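All heavy atoms count here, side chains included; hydrogens, waters and symmetry mates do not. Nothing here was measured: the structure is a model prediction, and the numbers come from that model.
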Amino acid sequence: MRASFCVLAWLCCGVPSLAQVPADILALHDRVLTLDAHVDIPASFATTASDPGVDGFEPVDLPKMERGGLDAAAFALFTGQGRLDHAGYATALDEARVKAAAIRRMALEMYPDRIGLALSADDVRRHSAAGRRSAIMSMLNAYSLGAEAEHLDEFYAAGVRMVGLTHLGHNQFADSARPSAALGNDATLHGGLSDAGRALVGRLNALGVIIDVSQITEQALLQTAALSSAPVVASHVGVRALVDHPRNLTDRALMAVKESGGVVHIVAFDAYLKQPSPERLEAIFDLLGRNPRETDEQRIAYLKETRQINERLPGASVADLADQVDYVVELLGIDHVGLATDFNHGGGIAGWMDEGDAANVTAELVRRGYSEDEIAKIWGGNFLRVFEAAATRKTR
């Protein structure tokens, strides 16, 4: 049974800085291929306002990936959920196109010597061997694909290789784990997947695109995992048995991901890893109520105040993240767990506040007795296995 303790030095001294991580652990971290399965980007990404080549305030940029030894990340084309009508689809489509162009601009025009657009697992490995990072283009909320996913081929051609069906609120394809009161959602709209959602699963399989079951209801997840001919992933989730949150997965849902051959990525998102104190909840809800995060200035102010709240009212840490990794390993086995941050969209915990901290996670896994081969699977090997499996099941 995997140990679930933290060493005395960790408990007494708190989360170490990278300067405190032993050299042999840093060397191990450098040897394994490391991958963050979900990060978001702002609308201004890959412009002078949010330059990924500059070591700025954002938790994800190339200097931080390089400093933290992070080889790859899935950069998401996130769009918020709107009305299921022509105007809503058009707005989401425009936003997704802007973000897809930004990721391509970063990798193909601005910094091709430092990061490449990865269209396959082999691309990730080649980039890493050459000392470059990898950007895997993903999509969070298939809402932007249109009423019948008529824009799927366009985004596949742009480089999208993973698609998550929903976000906050039901859409044309599936029910969300968090119905939107603002959109008038009931608990369910489709009873899981809609007919269009079932068709989308088949089309994603045919293209060799990874299906991400984060954010959807358990019923939708079970249907998706059963219907998909390729392994599915949960790109950024937590464990419901440890923290009762609608975004976290029950043991039944976790098992469904495993049975598909897939991977569950534990996310460095405070509220999914540790039940916050009433004082911390009040501070967070107050911040969310005051800051809509619609502009770059609002988003930066949000990140700054979030860090202040973390310092005043500490939340989850890499130890809590590793507790959930331990749980998934015990339940599903070492071949079905991975890591993610949800940076730029609320992610960040003590010890992993930006990508420059990534080696702290490796240090905690070593402390718990994981071998180098096991850490390599957790950090990226399991995701790459699914990436390859999805591609080999292409039918067109």
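- For the residue pair Tyr111 / Asp51, a side-chain donor-acceptor distance below 3.5 Å is found, with atom types taken as modelled.
- Electrostatic pairing of Arg290 and Glu305 counts as a salt bridge here, judged by a charged N lying under 4.0 Å from a carboxylate O.
- Side-chain atoms of Asp175 and Thr188 include a donor-acceptor pair closer than 3.5 Å.
- Under the 4.0 Å criterion applied to side-chain N and carboxylate O atoms, Asp251 and Arg240 are not assigned as salt-bridge partners.
- No donor-acceptor pair closer than 3.5 Å links the side chain of Ser50 to the backbone N or O of Thr47.
- Here the two rings, on His345 and His236, have centers that are 6.0 Å apart or farther.
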Could you check Trp352 against Thr341 for side chain to side chain donor-acceptor pair (under 3.5 Å), going step by step and ending with a plain yes or no? CA-CA 8 Å; Trp352 202 7; Thr341 62; over 6 Å; no
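- Here CG of Leu93 is found 9.5 Å from NE2 of His86. Values are rounded to the nearest 0.5 Å.
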Before you tell me yes or no, could you show the steps for Tyr272 and Asp320 under side chain to side chain donor-acceptor pair (under 3.5 Å), namely the whole-Å CA-CA distance, both residues' side-chain angles and the distance that decides it to 0.1 Å? CA-CA 10 Å; Tyr272 305 162; Asp320 298 297; over 6 Å; no
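- A donor-acceptor pair shorter than 3.5 Å can be found between the side chains of Asn141 and Gln81.
- Counting only N and O atoms by type, the side chains of Ser180 and Asn185 include no donor and acceptor under 3.5 Å apart.
- Using a cutoff of 4.0 Å between basic side-chain nitrogens and carboxylate oxygens, Glu109 and Arg104 are not scored as salt-bridged.
- Looking at Asp61 and Arg133, no side-chain N of the basic residue comes within less than 4.0 Å of a carboxylate O on the acidic one, giving no salt bridge.
- Ser235 and His265 form no side-chain donor-acceptor contact under 3.5 Å, judged by distance and modelled atom types alone.
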